[in-house]
Amino acid sequence: MYPEAPAPTVDSAAAIVRVVLDVPLDRQFDYLNPGLPIREGNRVVVPFAGRQLVGIVMALLSETDIPIQKLKAVLQVFDDVPLDAATFKLLRFCADYYHYPFGQTVLSSLPLRLRQIKPAVSRKTWLYRLAQPVPDDFVGKRQQVLARLITLLQQHEECSEALLGEASATWRKAMQPLLDSGLVTRREVVATRPSLAASEHEPVLNEEQASAVAAILGTLRQFQPWLLFGVTGSGKTEVYIRLLQTVLSEPQAQVLIMVPEINLTPQLEGRFRSRLSQFPLVTLHSHLSESERLQNWQAAQTGAARIVIGTRLSVFTPMPHLKLMILDEEHDSSYKQQDGMRYHARDVALVRAKQCGIPVVLGSATPSLESWYNASGQPAAGQAGRKPGYRLLTLTQRAAAQARLPRIFCIDTTHSPAEAGLTPQLKQAITQRLQRGEQSLLFINRRGYAPVLHCSACQWLADCQRCSARMVLHLRQRVLRCHHCGAEQRIPVQCPSCGNPDLRPVGQATQRIEETLQQLFPQARVARVDRDTIQAKDALTELLSAVHDGKVDILVGTQMLAKGHDFPNLTLVGVLDTDSALYSPDYRASERLFAQLMQVAGRAGRGDKPGEVLIQTAFPQHALFAALQAQNYAEFADSLLQERIALQFPPATYIAIIKAEAPDYALVKQFLTELAEAGREFIRQHVATFTDQPVIYDPVRPGLARLNRMERGYVMLQSHQRGALQQLLHAAVDWAWQHPLQAKIRWTVDVDALEQG
DNA sequence: AGCACGCCGACT
DNA sequence: GTCGGCGTGCTC
Ligand SMILES: [Zn+2]
Ligand SMILES: [Zn+2]
């Protein structure tokens, strides 16, 4: 046996290559090695069912159960860095835990370029410098790009590619003769973009921050989950930076920082770059081009990048010297993948930390109840599956002096009804801000003009043809649009059912609020921010800077505005509609609402101008608001947790959902009914092996019963023990793969589902 | 998922 | 006669 991976030689004893592919089949495929230098973890091209696919080599074998005449030969092997065993171990765990085909798990963790057949040559990044003076006759009269390049090179000692790009988009072509003649030399740079000047500003840590840093640093080189519970403005980022400074002082050490996509702003990246300027840093997020993504991913994989800041998917990025993981805003539901393998990056990060034997820091001002439960030492009422060992760190002091929480008031809409979505108090508060030259921000979590178009004569409502949902009225584009499937239709001039021409928009959404504000405050500059207005690339950035420059008086938008930017002159935040979340059938809605309102409150007021938050609600006495006003998330979370324990909802129990959809619900129902029955039968037959007996609920239809012409259904599986739930899921999923309807319908498993449907 | 192979309606 | 519709079944 080989102690390490075998040398890349032609070995007839290991002529079988076992490969995983990006196909929805939970199997591996064997091929013959025609004598290529193949190693485990390599990327190969293989023939498969009449086409060519990229696969990853799992093993080199000397024999296989597949008849030799059925085996095809590997066509090609790429010479890029093979995937390492630690990464495979993590991917294997996730494929098992989330019941997703291993091949698809592996391939979907790779940058797109590595899933495609063309060689993934990541272009290297260089810095260019003038080696010797350029002779006068070198530049021809019409070679303007070349002339501009030389000017830039003369002005700067070293030129980045971004800088040279200012000369022309095709500067590389003009550069070639300079390189060929030796007039210009270049050196490769790894992962450092225009390096920011190191910031000497090193804030003094307060006592809580300092002891948090010390506590975490005390657990390096061992698995330890930390929950860093820090109120808004308590300086969590500063804690992260100090941790990195120490951890990265060890040669080669790498750190992975995860943030929700919307939080990965240039400002955040810049802060880490300037405070840790000596360490190569790369980011991984959806706005990168594919070649940037590949380059950054490879920089992490080779160890060249010491700091990786990424979103959900970056939890799988190979990092050979990973010493610490940080997951900021750990409560954010965008960490849960909602299609394909439905993993939760927070939970995967915990598994990875355990496998690597390193600490993981989960940061939040409003921790998820899962983490709260794990960290706060709640009474373990019948909880055998509870993870021990979480440690809680609390930051209660506002580190930044200017980070003052605004005053929060509820406006009782039962006493002062909203007119066109706005209560008199809120209108008055806006008027005041306009008079003082200050800015206001209004939240309404629905885009479009009105959520419903209604016929008052016959009660007709505009429905989507493809979904069981209402069409949303978009007046600006003069269409009805389904927010679930994207279908559009023209606004009918009369009721399609009774011919009544008087169709009325019902309810409020961003466009309509914007219109109302323009009518109420004709002199005010109103701007709207939602998915519809920020389609263009830099639209959001432009708008935010307009707000910053005081060119906007009132900003209307969806939750999209709740994060990130601070506007010093913004002193009023209005929340127009919270009641749908307060009494939602989704038991997680109030937890999410609290987090959102907390974040929203952070937008109001800075420095000498105190902020004010006005929340319109018919339920001002709700405990959520009292906790919000007192900024007491801990107490609120404790009470929610008691409810969950009493009702046996997560995190007091474990659930998984198996969903199915097809154009015909009869097939879905048959599949799910038989699945539930087979699962119950499995439990009966293996009852002695279950330390907790799972429950399988009958198939039901989700709130959105039809989506894009697909009829949907699901069954829920529940157990007080993770292990028991997994045991059942393995049996159920094995059963499902065997079912004749398996390929006719679409079915998915969602372990630890956040919502149903 | 793709992509073959396969067996019935209207077209050069 | 054959071009092509998409139903069924397999992929090392
Ligand atoms: Zn009508
Ligand atoms: Zn629809």
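Chain letters run A, B, ... following the sequence lines, proteins first, then strands; residues in each count from 1.
Computed from coordinates, the A:Q52 CD to C:dC12 C1' distance equals 15 Å when rounded to whole Å. A:R115 has its CZ atom 14 Å from the C1' atom of B:dA1, to the nearest Å. Rounded to an integer number of Å, the gap from CD1 of A:I117 to P of B:dG2 is 13 Å. Rounded to an integer number of Å, the gap from A:L75 CG to C:dC12 P is 11 Å. The distance from atom CG of A:L53 to atom C1' of C:dC12 is 12 Å, rounded to the nearest whole Å.
In this structure, A:R342 and A:K336 have side chains that are in contact, with non-hydrogen atoms separated by less than 4.5 Å.
The pair A:R346-A:E330 meets the salt-bridge criterion, with a side-chain N (NZ, NE, NH1 or NH2) lying under 4.0 Å from an Asp/Glu carboxylate O. A:E290 has no carboxylate O lying under 4.0 Å from a charged side-chain N of A:R115, or vice versa, which leaves the two without a salt bridge.
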Report all interatomic pairs (protein N or O, nucleotide N or O of nucleotides 3-11 of chain C) with separations under 3.5 Å.
| from | atom 1 | to | atom 2 | distance (Å) |
| --- | --- | --- | --- | --- |
| C:dT11 | OP1 | A:K70 | NZ | 2.9 |

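Put simply, the side chain of A:T105 gets close to the backbone of A:P101: a donor and an acceptor are under 3.5 Å apart.
Residues passing the salt bridge (charged side-chain N to carboxylate O under 4.0 Å, His left out) test with A:D532 are A:R447, A:R481, sequence neighbours excluded.
Sparse packing is recorded around CZ of A:R746, with 12 or fewer heavy atoms of other residues, nucleotides or ligands lying under 6.0 Å away.
As judged by a 4.0 angstrom heavy-atom cut-off over every strand, A:I66 is placed among the base-contacting residues.
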